[in-house]
Amino acid sequence: MRPCLLVVAACAILAREAAAQSLAERVRSAKDDNVVFHFTPRAGVCGDGRSFVRMGHSYQGSFNSGDYSRPCEPGPVQVQLTLRNGEVEGVQAWVGRMRARDAQDLGTVPAPEAARYLLSIAASGRSSASAKAIFPAVLADSATVWPALLTIAKDRDGRSRQTREDASFWLSRFAAGAIDGRPNQPFDDDDDGTDSKDDLKSHAVFVLSQLPHGEGIPNLLDVVRSRADVRVRGKALFWLGQSGDPRALELFEALLK
């Protein structure tokens with residue numbers, strides 16, 4: 001075999017070996033390097049690759065009037081991990097145009113695999129990275145993440161309060177999607193025009209959410225279980241997602257199952 005063919009064959013073998021490695025294995029092999037990988041987002045997700053992410057009609061990140069001039073591009077999701085001794089110490093995420101990062105690029109990863117790996121960080125990783133890993137996992141296309149989020153939200157001994165609160169919040173959004181006929185979709189694309197009656201009900205839900213010592217929780221649970229407008233029930237789910245109450249987690253699980 002000629003030398004050039006040997007080189008091609010060796011490159012092909014290395015490529016197959018890299019593809020056979022899991023994302024977790026590839027990250028661990030980087031040791032103290034920063035790494036970045038990217039994957040396809042859910043429908044309705046876009047960003048500018050730098051400062052903001054839009055999900056339906058909601059935004060996360062820094063956003064001001066000057067950002068309206070920048071295009072909101074539908075992917076990919078880019079995740080950068082800060083590593084020390086192969087362990088993840090920090091997580092950053094962007095959506096949109098690919099930009100040069102000071103990191104080793106691991107390339108494109110299947111979205112469900114990326115979500116599973118990120119949720120493993122959220123479930124057992126260092127506290128500095130745990131909560132930050134949830135958001136990009138939720139963005140991953142075709143990934144069912146709520147069972148892992150439920151486990152994280154219930155883990156009062158092993159997870160920080162911030163991580164459990166983030167998991168609970170996104171559980172509430174998946175539950176709102178479920179009652180609105182949007183299974184496995186936490187982002188509402190409808191720019192709804194609620195009438196004044198629904199506005200009053202939504203305000204009443206807000207008032208219940210502000211009662212001290214969780215006194216409004218039973219009533220919020222009743223609103224979700226009622227035949228109220230789905231958007232009013234969604235508001236109740238939103239506030240239940242902020243509560244961290246075990247009864248709210250039981251309701252989310254029942255709705256999602």
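Just so you know, these numbers come straight off a predicted model, no measurement behind them.
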If you look at every heavy atom in [X] and [Y], which pair is closest and at what distance?
X      : Y      : answer
Ser168 : Ala153 : N-CB, 4.2 Å
Ile179 : Arg233 : CD1-CB, 3.7 Å
Ala114 : Leu23  : CA-CD2, 4.1 Å
Ala248 : Ser243 : CB-OG, 4.0 Å
Asp102 : Gln80  : O-NE2, 4.2 Å
Val77  : Pro41  : CG2-CB, 3.5 Å

Check the hydrophobic clustering (I, L, V, M, F, W, Y; side-chain heavy atoms under 4.5 Å; chains of links allowed) and say if [X] and [Y] are grouped together.
X      : Y      : value
Val224 : Phe206 : yes
Val205 : Leu211 : yes
Trp94  : Phe135 : no
Met98  : Val109 : no
Val230 : Phe238 : yes

Polar side-chain atom of [X] near backbone of [Y] as donor-acceptor pair, under 3.5 Å:
X      : Y      : answer
Asp229 : Arg231 : yes
Arg42  : Ala143 : yes
Arg247 : Pro218 : no
Gln21  : Arg26  : no
Thr82  : Glu89  : no

If you define the side chain from C-beta out and look only at heavy atoms, does anything of [X] sit under 4.5 Å from [Y]?
X      : Y      : answer
Leu106 : Val36  : no
Glu253 : Lys154 : yes
Leu171 : Leu256 : yes
Leu118 : Phe37  : yes
Leu81  : Tyr117 : yes
Cys72  : Phe52  : yes
Lys235 : Ser209 : no
Leu149 : Phe252 : no

How long is the straight-line distance from [atom2] of [Y] back to [atom1] of [X], given to the nearest 0.5 Å?
X      : Y      : atom1 : atom2 : answer
Asn34  : Gln92  : CG    : CD    : 8.5 Å
Tyr59  : Ser51  : OH    : OG    : 10.5 Å
Arg164 : Ile152 : CZ    : CD1   : 11.5 Å
Ile217 : Asp245 : CD1   : CG    : 5.0 Å
Asp180 : Arg182 : CG    : CZ    : 4.5 Å
Leu208 : His203 : CG    : NE2   : 10.0 Å

* Pair Ser130-Arg159, side-chain donor/acceptor within less than 3.5 Å ->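 A donor-acceptor contact under 3.5 Å links the two side chains.
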* Asked: Residues two or more places apart in sequence or in another chain: which of them pass side-chain hydrogen bond (donor to acceptor under 3.5 Å, both in side chains) with Arg225?
  ->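 Checked Arg225 against side-chain hydrogen bond (donor to acceptor under 3.5 Å, both in side chains); zero matches.
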* To do: Starting from the C-alpha separation in whole Å, work towards a yes-or-no answer on side-chain contact (heavy atoms from CB on, under 4.5 Å) for Leu237 and Leu255.
  => CA-CA 11 Å; Leu237 283 166; Leu255 292 172; 4.0 Å; yes
* Counting heavy atoms not belonging to Arg161, are there more than 12 under 6.0 Å from its CZ? ->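 Incorrect, the count does not exceed 12.
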* Arg84 CZ: over 12 foreign heavy atoms closer than 6.0 Å ->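 At most 12 heavy atoms, drawn from other residues, nucleotides or ligands, come within 6.0 Å of this atom.
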* Asked: Stepwise, does the side-chain contact (heavy atoms from CB on, under 4.5 Å) test hold for Phe187 with Leu139?
  -> CA-CA 10 Å; Phe187 313 131; Leu139 298 180; 3.8 Å; yes
* Asked: With Glu113, which residues qualify under salt bridge (charged side-chain N to carboxylate O under 4.0 Å, His left out), at least two apart?
  ->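 Checked Glu113 against salt bridge (charged side-chain N to carboxylate O under 4.0 Å, His left out); zero matches.
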* Under the side-chain contact (heavy atoms from CB on, under 4.5 Å) criterion, do Gln78 and Phe39 qualify, and how do the steps go? -> CA-CA 7 Å; Gln78 304 158 55; Phe39 54 90; over 6 Å; no
* Please assess Phe169 against Val138 for the test side-chain contact (heavy atoms from CB on, under 4.5 Å), listing each intermediate value before the final yes or no. => CA-CA 11 Å; Phe169 168 77; Val138 168; over 6 Å; no
